[in-house]
Each structure stands twice: as C-alpha cells, then as structure tokens.
S.K.: 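Can you read through this structure? Questions will come right after.
Computed from heavy atoms alone, side chains included, the values below leave out hydrogens, waters and symmetry copies. Atoms within a ligand are numbered from 1 in the order they appear, just like the ligands themselves.
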Amino acid sequence: MKEYDVVTIGAGGAAYPAAFKLKRSGYNVIMIDKKGVMSGNCLSEGCVPSKAIIESVHKYNTLKGILDLKVDYKKIVDHKDSVQRLRYSDHDRELGEADLKIIKGTGRLVDENTVEVDTGTGIERYHADNIIIATGADTFIPNIKGSELAVTSRDFYSMDPKIKSVPESITIIGGGYIGVETGSFLSILGSRVTIIEMLDRILESMETDIIDKLIPLLPRMDVKTSSEVKSIEKFNDKLKVLLNDGEIVSDMVMMAAGRHPVLPEGLDDLGIKYTKHGINVNMSMQTNIKNIYATGDVNGITPLFHAAKRQSIIAANNIMAGNVPVDYFDPISVPFTLYTIPQLAYVGILPAQAERLGIEHYEATYDMKKDSLAEINNEVYGEITLVFDKRMKIIGGYVIGNDAGNIINEIALCVSRGLSLRDLAEMSHQHPMSFEGLDSAARKFY
Ligand code: ADP
C-alpha cells in the first residue's frame with residue numbers, strides 16, 4: 001500500500017490542475033490514468049487535435065479568395081499530429097519540473113481512501129486522504145445494427161488517425177456539436193455531408209434563435225431532422241444507412257450521437273450516487289462522500305475542458321480547506337464555442353432564456369459586417385450581442401463570426417465579475433482587432 005494525500009483517477013483537465021496546485025502547496029499527490037499521459041481526451045482526440053484541423057481549414061476558407069491555395073489534407077493531419085506530439089512533450093517537461101508522477105493503469109475505488117490500480121502487469125493499491133474522480137467521458141455508441149462500420153471522432157483526431165483523406169461523401173449520425181463541427185470543415189474540403197438528427201433540429205442543446213442566425217452562414221450540409229437510424233450496412237464499396245424514412249448511401253458514416261460519462265468501478269460498493277449523466281456532486285465538486293470529489297466530464301455538469309480545469313482547482317481548494325467548502329463552481333459564466341466555420345460562441349443568460357426566466361433584459365448588438373478585422377480576415381458576416389439587465393449589468397452574450405471563440409471570453413469575464421455595459425463602453429479595445437466590437441456595442445447605450 002502506497003500512502004498519499006490525494007489520488008486522482010484520470011489525468012485530464014479535471015485532474016492535473018488540482019494535482020499541480022496541491023503539489024505546489026506541499027501535498028503528496030499521484031495521478032492514475034489509463035493512457036499514462038497528461039491531458040486526457042482533450043489532447044488525445046478532442047479539443048486540441050480537432051482545432052488543429054478545423055483552424056487550418058478555416059484559414060484556407062478565408063484566404064482561398066486572396067491567395068492561390070490548394071489543400072493537401074494529409075499535410076493538415078501531419079500538422080495536427082505534430083501539435084499533439086509537441087504538447088505531449090511540453091506536458092512531460094511540466095510533470096518533471098513539478099516532480100509529479102502519473103501511474104499508467106485503470107483505477108478502481110476500493111473504499112473511501114483506497115484506489116486499486118490494474119497496471120496491466122500487476123495490481124497496486126494507493127491509500128489517500130482524498131480522492132478526485134476525473135475519469136471523463138467517451139463517445140456514446142447507440143445500439144444500432146452495423147454501428148461498428150461507422151467511424152467516430154477518434155478516427156479523425158487521434159494521433160496517426162485512420163482517416164487521412166477527405167471522403168467524397170459522409171453521413172454523420174448526430175447533429176450535436178461534434179458532428180456539425182466535423183461536417184462543416186469536411187464540406188469546405190469538398191465532401192458531400194449529410195447530417196441525420198433524431199430530434200427536430202440540429203444543435204438542439206443551444207438556443208434556437210441564435211442557431212437560426214448561424215445556420216445560413218454554415219457551409220452546405222444536407223440536414224435530415226426527425227429521422228432515426230435503424231441500421232448501417234455495406235453496400236458495394238460504400239455504406240448504406242437505413243432510416244425510418246428512407247436510406248442514404250455514402251463513402252463513410254460517422255457516429256456522433258453524443259458522449260457518456262466514464263464511471264470507474266467501485267461507485268456502487270461505496271454508495272457514491274450517479275445518474276446516466278454522471279456522478280452527482282455539489283457545487284464544491286464533492287460527491288456524497290466528502291473526501292471524494294468528481295470533477296470534469298464525469299459529473300456531466302459542463303462537459304468542457306475549460307470547465308473541467310476550473311472544477312479541478314475548486315476540488316484542490318476545498319481539499320486544502322479540509323473538505324469544508326470554500327470554493328464553488330459557477331456554470332453560468334463558462335463560455336462555449338462551437339467550432340464550425342464560422343464560429344459561434346456564447347455565455348451566460350441568452351435572450352430566449354432571459355425571456356423564459358422572466359428577466360427584464362436588453363440587447364446591444366454590433367454588426368460584424370462593418371468590422372475592420374472581419375473585413376481584413378475576409379469574414380464579413382455575423383455579430384456580437386451583449387445581453388444586459390435593467391441595472392445595465394451584462395448577464396450574457398453571443399458572438400457569431402470572426403474570432404468568436406476569443407471575444408466570448410471577455411463577455412464571460414463581465415458575466416462572472418458582474419461588470420456593466422458602462423465598463424465595456426469605457427474600454428479602449430485595440431484597433432483594428434476583434435474585441436473593439438465590444439466597446440462599440442456597449443457605446444450604443446452610453
Ligand atoms: P476531463 O476533461 O473531465 O478530465 P478527459 O476525458 O479528458 O476528461 O480525461 C479523463 C481521463 O481519464 C482519460 O485520459 C481516461 O483515459 C482516464 N480514465 C478513464 N477511466 C479511468 C480509470 N478507471 N482509471 C484511470 N484512468 C481513467
């Protein structure tokens with residue numbers, strides 16, 4: 001039995017920020033991860049590699065009218081691989097500098113203070129005062145006949161991925177953010193994309209009025225809503241997707257029907273409560289056992305890497321406070337970016353939601369069609385909209401178009417710190433940069 005102050009199960013964004021912070025503060029910490037490396041699915045097959053591909057295509061799309069460009073998809077994949085390699089070596093160095101270790105293996109909870117690890121060559125036991133469960137989430141594969149014929153995001157974004165060329169045609173099962181982001185860049189590269197969605201619209205988890213503004217700006221994708229996939233089968237050298245209301249033949253089928261939490265073994269024996277959405281936690285990230293925390297995708301609250309990092313720090317702060325909570329998670333001020341081409345980003349309370357909640361609200365909008373940097377970047381569409389209440393406090397906002405994923409962070413800061421429209425109006429954002437739309441929007445009221 002090895003003795004520690006804190007053991008994390010998983011070494012992704014929900015684990016390592018806590019591990020570094022606790023280690024710096026003198027705690028004896030160990031991380032356990034199936035992959036044996038830091039950064040979880042974000043770096044192995046998620047945010048980082050997908051952005052390495054999507055941003056390359058995004059740049060191609062905006063520059064192709066100015067420069068004489070040709071796309072070699074294999075080179076984009078090579079670039080993605082090199083970014084992943086670089087980041088893994090950065091992480092190795094950071095771990096070494098912090099004198100932190102990751103044990104490669106699968107962790108299982110034995111009791112309130114013990115994690116057992118199957119390393120593949122043996123079983124080890126780690127005893128700790130506190131445990132952070134940070135086991136993340138994985139692609140959900142629905143029980144559909146022939147689902148093994150479909151690729152997943154892993155086949156596009158993992159290191160040395162299976163897919164190294166653009167399929168002539170692809171059917172994407174699921175109109176959530178992963179399917180729509182992937183479909184959007186493939187369409188720009190010439191693929192005929194069809195998205196099948198069971199519900200009556202794609203991007204169903206997002207506010208309709210905002211999605212309705214984005215959809216006309218997206219590259220061409222055929223979308224079939226209220227349609228259910230029954231099975232997938234081989235059809236000559238192609239694949240046929242059978243639906244309740246027809247069939248589609250394409251070169252490739254991608255499964256993008258959502259993600260589900262990865263629960264470690266031992267939860268039931270310990271009586272740790274969970275649902276199909278993830279492990280139940282309070283806003284201090286504690287499970288029903290106060291020295292056992294569950295952070296990141298595994299609790300399902302805000303399954304995004306940057307939310308996982310924040311939750312990880314919250315767990316660390318509360319562990320340092322002796323499991324008497326001093327830090328809490330605020331999901332409202334976590335921004336979300338949809339990395340389609342163009343991007344959509346939003347944070348806080350949006351107009352339709354304010355309406356539903358009966359919050360008196362107003363909007364300040366900046367037209368990106370008149371923005372200098374949008375013109376320079378050849379992305380002359382979209383908008384920045386700030387949502388504020390009757391006290392002029394910014395309660396939310398959204399951005400469509402040029403640099404949306406960056407601009408949204410400043411709106412998130414306003415939401416989390418309770419800043420007002422006047423605070424933004426009085427800023428001198430640099431010209432000609434994308435953030436200047438923020439003070440321009442706010443000045444409409446000052
Ligand atoms: P998050 O963003 O919430 O940290 P990730 O999916 O990025 O989620 O990271 C979770 C990590 O946990 C992955 O690297 C995964 O391999 C690892 N993992 C999942 N289950 C176990 C387990 N039982 N034991 C050890 N590692 C695990």
S.K.: Enter the distance from N318:CG to M283:CE here, rounded to the nearest 0.5 Å.
M.R.: 13.0 Å

S.K.: Is E112 paired with K290 through a side-chain N to carboxylate O contact shorter than 4.0 Å?
M.R.: no

S.K.: Got the residues with a heavy atom under 4.0 Å of ligand 1, by chain and number?
M.R.: I9, G10, G12, G13, A14, I32, D33, K34, K35, G40, N41, C42, G105, T106, G107, A134, T135, G136, A137, V262, G296, D297, A308

S.K.: Regarding N299 and Y274, is there a side-chain donor-to-acceptor distance under 3.5 Å anywhere?
M.R.: no

S.K.: Is it true that R310 and D327 make a salt bridge, defined as a side-chain N closer than 4.0 Å to a carboxylate O?
M.R.: yes

S.K.: Output yes when K213 and E383 qualify as a salt bridge under the 4.0 Å nitrogen-oxygen rule, no when they do not.
M.R.: yes

S.K.: Could you pull out all residues at least two apart from Y339 that satisfy ring pair (Phe, Tyr, Trp, His ring centres under 6.0 Å)?
M.R.: none

